[in-house]
Amino acid sequence: MKKSFLPLITLVCITLAVILSVLDHYMLLALSDDALRVVRWICLGFLLAYGLQKRSLTTWILVSMAVGAEIGYDFPAIAQDLSVLSKVFLKLIKTIIAPLIFGTLVVGIAGHSNLKQVGSMGWKAILYFEIVTTLALFIGLAAINISKAGEGIDPKLAAGHEEIVAPEKQTAADIILHVFPENVAKSVAEGQVLQIVIFSVLFAIGLAMVSEDKRKPMLDFCESLSEVMFKFTNVIMYFAPIGVGAAIAYTVGHMGFGILLNLFQLLATLYASLIAFAVLVLLPVALIAKVPVKRFIKAVSGPVSIAFATTSSEAALPRAMEEMEKLGVPRRIVAFVMPTGYSFNLDGTTLYLALASVFVAQAAGISMSWEQQLVMVFTLMLTSKGVAGVPRASLVILLGTVASFNLPVWPVFAILGIDELMDMARTSINVTGNCLATAVVARWEGEFHPEREVGLAETTNPKLRDADVKSEQISI
């Protein structure tokens, strides 16, 4: 069999299995359970062969999800014993969170202590980033509360996987006191993500205030720590197919295939809310800033298509910077705003985290008030700053935060199965939002000149690549 035919044969086989299952479910075609099981396992055989051919982590996560779902459905007793593998993966993920947040936030804040030098451009960019990401957060919250994609799953079926504890009712004073750490080691041990963030931010501010000779060694240490944690995450993610497959097997073994319906509902909710964000927020912002919409869309279409296909903002960065300069944004603004935006202006990721966190609570059958939802998603928004360079960073941050709010983690493993499809959309919005941010800041500074078309030869100057972009480890 030629390798080029394998994807087509796999797709045809899966489609046939789905059609037969639907016809049998609605009693339009009488098939025995054994016959359907054989068809499904033949499809999985082709899927495994495709995974061996592709040899990519993303493909193997999707393959493991399919295999795990089938094992959970056909052999629920075996699937129950596999839960230990998903718990091992969870423990490994939790070890990343504290050093990763500390290292990236310190480098992101203290490393940009030159914000004083760029003056008004710095505070305007940060103000714009926070306003837009907050709007993304509210749109995500509204969308998941309207679609209720996580509801309908019986949380009692997950009994035994982990204990489900509803978050305690807290007063405003309790919430405020809980934000600030009394002992950073205790915060790390208990997984109190927001307290780690507060400590890291205050530490970074203090570090930025000391002299260069005292700041540099600590900044170098934190930068090295960040890089090591990036690689550490890569190593742990090799275990992801096993952890995800085991988690899906256990979940389906207890709940059946019904949870997969909720996942596709979540996927549809994300795409619809991202489109709404683009139309209701990004488009009005472009019109207010007098950005030529047609030319802007044409300029970002290339970078966005790269981001969508690769799920990597890093791959789209050089093209995005080049296109924004051609659109009329000065090089110095592009070189400052774009890298900073990839730490502080993750519109798509912020919206996704709002959706996913509330989905977890809905799936667990835990009712959260608007106040509790806002506290959780604002925590997610803070913890996501500066970790854009981590593969599957959203998973790491989401797991840490839901655990600190006493929410179950099994829905997060279920989400990981469709994370690649979600990643395409949110990365595209991240790139679009950061391209628009450069134009908005340039207009605010009175230096946006879209009537001046810069030639390609000028934009390929090496200085554009070498501008202050060390912090763009940005695969979301």
Side-chain angles (χ1 to χ4, degrees), residues 96-130 180-181 183-185 187-188 193-233 313-314 317-318 321 325 329-346 382-390 393 434 437-438 441-442 444-445 447 461-475:
I96 302 172
I97 297 168
L100 181 62
I101 290 175
F102 175 76
T104 52
L105 278 179
V106 170
V107 172
I109 295 172
H112 283 88
S113 58
N114 60 346
L115 286 179
K116 296 176 182 177
Q117 299 172 6
V118 298
S120 64
M121 183 172 66
W123 72 261
K124 287 172 182 175
I126 297 298
L127 178 63
Y128 171 80
F129 294 159
E130 295 311 312
F180 297 95
N183 184 318
V184 68
S187 301
V188 171
V193 179
L194 193 53
Q195 294 181 8
I196 297 170
V197 170
I198 294 298
F199 174 81
S200 302
V201 169
L202 293 175
F203 186 92
I205 292 172
L207 184 61
M209 294 172 68
V210 302
S211 60
E212 177 65 24
D213 60 322
K214 298 294 191 301
R215 180 171 69 243
K216 191 175 185 304
M218 181 57 70
L219 200 57
D220 289 342
F221 167 77
C222 291
E223 193 168 3
S224 297
L225 177 64
S226 301
E227 291 298 322
V228 171
M229 296 316 298
F230 293 158
K231 300 302 182 185
F232 188 62
T233 305
S313 301
E314 184 174 24
L317 180 72
M321 296 179 74
E325 189 176 347
V329 180
R331 181 172 299 171
R332 67 181 187 84
I333 293 181
V334 172
F336 171 78
V337 175
M338 195 78 76
T340 308
Y342 279 124
S343 288
F344 295 94
N345 190 39
L346 304 173
L382 287 171
T383 54
S384 66
K385 304 299 186 189
V387 295
V390 190
N434 281 308
T438 62
V441 173
W444 204 346
E445 288 282 293
E447 296 187 36
N461 191 307
K463 291 182 180 178
L464 177 63
R465 309 277 194 260
D466 300 333
D468 184 23
V469 292
K470 281 189 177 180
S471 60
E472 312 129 12
Q473 302 275 340
I474 43 178
S475 175

- [ ] Go through the structure and list residues passing side chain to side chain donor-acceptor pair (under 3.5 Å) with Asp220, not counting sequence neighbours.
- [x] Lys216
- [ ] Report the residues that fulfil side-chain contact (heavy atoms from CB on, under 4.5 Å) with Val210, sequence neighbours left out, ordered by chain and then residue number.
- [x] Leu207, Lys214, Arg215
Open item on the list: A side-chain contact here means heavy atoms from C-beta on lying under 4.5 Å apart; do Ile198 and Pro181 qualify?
Closed with: yes
Task: Exercise: identify the closest heavy-atom pair between Val106 and Cys222 - done: CG1-SG, 3.5 Å
Open item on the list: Is any side-chain heavy atom of Trp444 closer than 4.5 Å to one of Leu127?
Closed with: yes
TODO: Hey, could you give me the CZ/CG distance between Phe129 and Leu346, rounded to the nearest 0.5 Å?
DONE: 9.5 Å
- [ ] Give the minimum heavy-atom separation between Ala437 and Asn345, together with the two atoms involved.
- [x] CB-ND2, 4.0 Å
TODO: Not counting sequence neighbours, which residues clear ring pair (Phe, Tyr, Trp, His ring centres under 6.0 Å) with Phe102? List them please.
DONE: Phe203
TODO: Check step by step if side-chain contact (heavy atoms from CB on, under 4.5 Å) holds for Ile196 and Val184.
DONE: CA-CA 7 Å; Ile196 297 170; Val184 68; 5.6 Å; no
Task: Point-to-point distance, once rounded to the nearest 0.5 Å, from OG1 of Thr438 to CD1 of Ile333 - done: 8.5 Å
